[in-house]
Amino acid sequence: MKRSTRNSLLITIGFYLFFSILYRIVLWYNGGGFENEGFWGWANLREYWYMSGMSYLFYLLASGVIWVLGVYLLRGQKTRHQIIAVAILIPIVTYIVREIRYALLDVLEIGRLRGTGAIWDWYIPLLFLLIFFGCFFAYRYFMENQRKLKVEGELKNAALKSELSALKAQLNPHFLYNIFNTISASVPAENEKTRSMIAELSDLFRYQLKASKVEKVPLGEELEFVNKYLDLEKERFQDRLEVEINVDDKLKEEMVPPMLLQPLVENSIKHGLSSLIEGGKISIRIFKKEDKLHFEISDTGVGIEDKTSVFEKGIGLTNTKLRLEKMYQSTLLLTDNEPQGLKINFAI
């Protein structure tokens, strides 16, 4: 059981326990218990159980049933739909639980409210469950709002870092291109491969500068940039790096955020394949489903055991995750690749 789930369960049980004791004290005091039994007379466990403990145990069970039917099974629905479902379920479940409790009390030959007095066994649980689920939805809204504020703060920090990086990239970029051209011109003609690598590196810088100025680029341009990056990595890995890209040509006109794929591919090479003597394979698969572009980047590297803490270490994965959350309310899904390695999925 997760720690947050366990804490929520303990808080719920404590909530019901507190109000059951409070209800017991009120009934005991109203019945003259203080004058007859003294200050600690309310603590009689047997009287507590039959006067309020049993009732609030049934309320607890009722709230569990309502939560499962109205919240857990509708976890993919909007909050307002869950609230409507809970509001409908409360009187239905309250009635069923009340009848079960009455049947149990009658079998045990224990007294209960009858006639017009039975209305209190409607009013109290209905009011209590409405208060409980009101607190539940208010607390959940508060936690979601806190999470959004945290994400917004992280996004602001990431945006500041991106702006600083963009400013650095724009420091006389033509100087860099001229230097690349000068180096390329000085390379002997027989070293055509070196000349080609310098040209590709220059193209990478040019695309990176463009990425700092626009919000979206055609998918074809993004793939071309990734291919140039992978070509340079192939020169380092030689035949140890295998690349497979599976993208329908019709999708290459789709607009995507620039520099979206390269950090993920770089992560796969740096943390997945570079430590393997035999190298490995990088696969990029992009397809469209239900009006969304689905991306899958997989490698046959060493993989990642702790996938929850990986975003706390690297910049590339963390920034990409934040960009997806901000722009598309999407996120990165990290899973194990088969037979080994890491698979990254997301959709926009």
Side-chain angles (χ1 to χ4, degrees), residues 1-4 150-151 154-155 157-158 161-162 165 193 197 200-201 203-205 207-208 211 219 222-247 251 256-287 289 292-328 330-348:
M1 184 183 294
K2 292 182 179 179
R3 183 177 180 180
S4 58
K150 181 180 178 181
V151 170
E154 292 174 348
L155 286 171
N157 291 333
K161 291 179 181 178
S162 298
S165 298
K193 180 180 286 188
M197 290 175 63
E200 288 181 346
L201 183 60
D203 288 341
L204 292 181
F205 273 95
Y207 183 84
Q208 194 171 24
L219 177 60
E222 179 73 2
L223 289 172
E224 184 180 355
F225 170 71
V226 171
N227 270 317
K228 289 182 182 294
Y229 167 76
L230 287 170
D231 287 341
L232 290 174
E233 290 289 359
K234 284 181 181 179
E235 294 299 327
R236 179 163 67 99
F237 281 84
Q238 297 299 324
D239 57 356
R240 294 171 55 230
L241 178 60
E242 182 182 353
V243 176
E244 179 184 25
I245 299 179
N246 184 6
V247 184
L251 300 179
V256 300
M259 298 291 292
L260 186 65
L261 295 175
Q262 187 274 336
L264 306 180
V265 174
E266 181 181 355
N267 177 80
S268 292
I269 293 176
K270 182 178 179 181
H271 299 290
L273 301 178
S274 61
S275 61
L276 297 178
I277 298 176
E278 69 275 14
K281 180 179 180 180
I282 297 286
S283 299
I284 300 174
R285 178 171 172 254
I286 304 174
F287 60 95
K289 181 180 179 182
K292 282 191 174 185
L293 274 180
H294 293 258
F295 296 77
E296 180 182 286
I297 299 92
S298 58
D299 64 70
T300 58
V302 297
I304 298 176
E305 290 187 9
D306 188 358
K307 297 176 181 60
T308 57
S309 64
V310 67
F311 296 106
E312 301 173 3
K313 299 176 182 178
I315 296 176
L317 282 178
T318 302
N319 282 357
T320 303
K321 177 177 179 288
L322 291 174
R323 290 175 71 192
L324 290 172
E325 290 176 349
K326 179 67 174 178
M327 298 180 69
Y328 300 100
S330 181
T331 190
L332 295 177
L333 176 64
L334 276 58
T335 56
D336 293 325
N337 192 25
E338 295 295 338
Q340 68 178 45
L342 180 70
K343 183 182 294 184
I344 303 175
N345 292 87
F346 64 92
I348 60 175

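Atoms considered below: every heavy atom in the structure, side chains included; atoms not considered: hydrogens, waters and symmetry mates. Count residues from 1 along the sequence. Quick caveat, the model's predicted, so the values are computed rather than measured.
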Exercise. Only counting residues at least two apart or in another chain, list the ones meeting salt bridge (Lys or Arg N to Asp or Glu O under 4.0 Å) with Glu266.
Key: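 Expected list: none.
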Quiz item: Listed by chain and number, what are the salt bridge (Lys or Arg N to Asp or Glu O under 4.0 Å) partners of Lys281, not counting sequence neighbours?
Solution: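 Salt bridge (Lys or Arg N to Asp or Glu O under 4.0 Å) check on Lys281 returns Glu244.
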Quiz item: CG/Asn267 to CG/Leu273 distance, rounded to the nearest 0.5 angstrom?
Solution: 10.0 Å
Quiz prompt | Spatial distance of atom OG1 (Thr331) from atom CZ (Arg323) [nearest 0.5 Å] | solution = 13.5 Å
Quiz item: Is there a donor-acceptor pair closer than 3.5 Å between any side-chain N or O of Asn337 and the backbone N or O of Asp299?
Solution: yes
Quiz item: So, the side chain of Arg240 versus the backbone of Leu276: is there a donor-acceptor pair under 3.5 Å, distance only?
Solution: yes
Practice problem: With sequence neighbours excluded, tell me which residues meet side-chain hydrogen bond (donor to acceptor under 3.5 Å, both in side chains) with Glu325. | Solution: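 By the side-chain hydrogen bond (donor to acceptor under 3.5 Å, both in side chains) rule, Glu325 matches Lys321.
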Considering non-hydrogen atoms only, spot the tightest contact between [X] and [Y] and give its length.
{"X": "Leu219", "Y": "Leu251", "result": "CD2-O, 3.4 Å"}
{"X": "Ile282", "Y": "Ser268", "result": "CD1-CB, 3.4 Å"}
{"X": "Ile269", "Y": "Glu233", "result": "CD1-CG, 3.9 Å"}
{"X": "Ala347", "Y": "Lys292", "result": "CB-CD, 4.4 Å"}

Qualifying residues under side chain to side chain contact (heavy atoms under 4.5 Å, CB included), relative to [X], sequence neighbours excluded:
{"X": "Pro263", "answer": "Thr320"}
{"X": "Tyr328", "answer": "Lys216, Pro257, Leu324, Ser330, Ile348"}
{"X": "Lys150", "answer": "Glu154"}

Practice problem: Take Val256 and Phe295 through the test side chain to side chain contact (heavy atoms under 4.5 Å, CB included) and record every step on the way to the result. | Solution: CA-CA 11 Å; Val256 300; Phe295 296 77; 4.1 Å; yes
Quiz item: Step by step, would you call Leu261 with Ile286 a side chain to side chain contact (heavy atoms under 4.5 Å, CB included)?
Solution: CA-CA 11 Å; Leu261 295 175; Ile286 304 174; 4.1 Å; yes
Quiz item: Considering the options Val226, Leu264, Asn227, which one meets the side chain to side chain contact (heavy atoms under 4.5 Å, CB included) requirement together with Ile284?
Solution: Val226
Atom pairs and distances, donor-acceptor, side-chain atoms in residues 339-346, under 3.5 Å, two or more places apart:
from, atom 1, to, atom 2, distance (Å)
Gln340, NE2, Thr300, O, 2.7
Gln340, NE2, Gly301, O, 3.4
Asn345, ND2, Glu296, OE1, 3.3

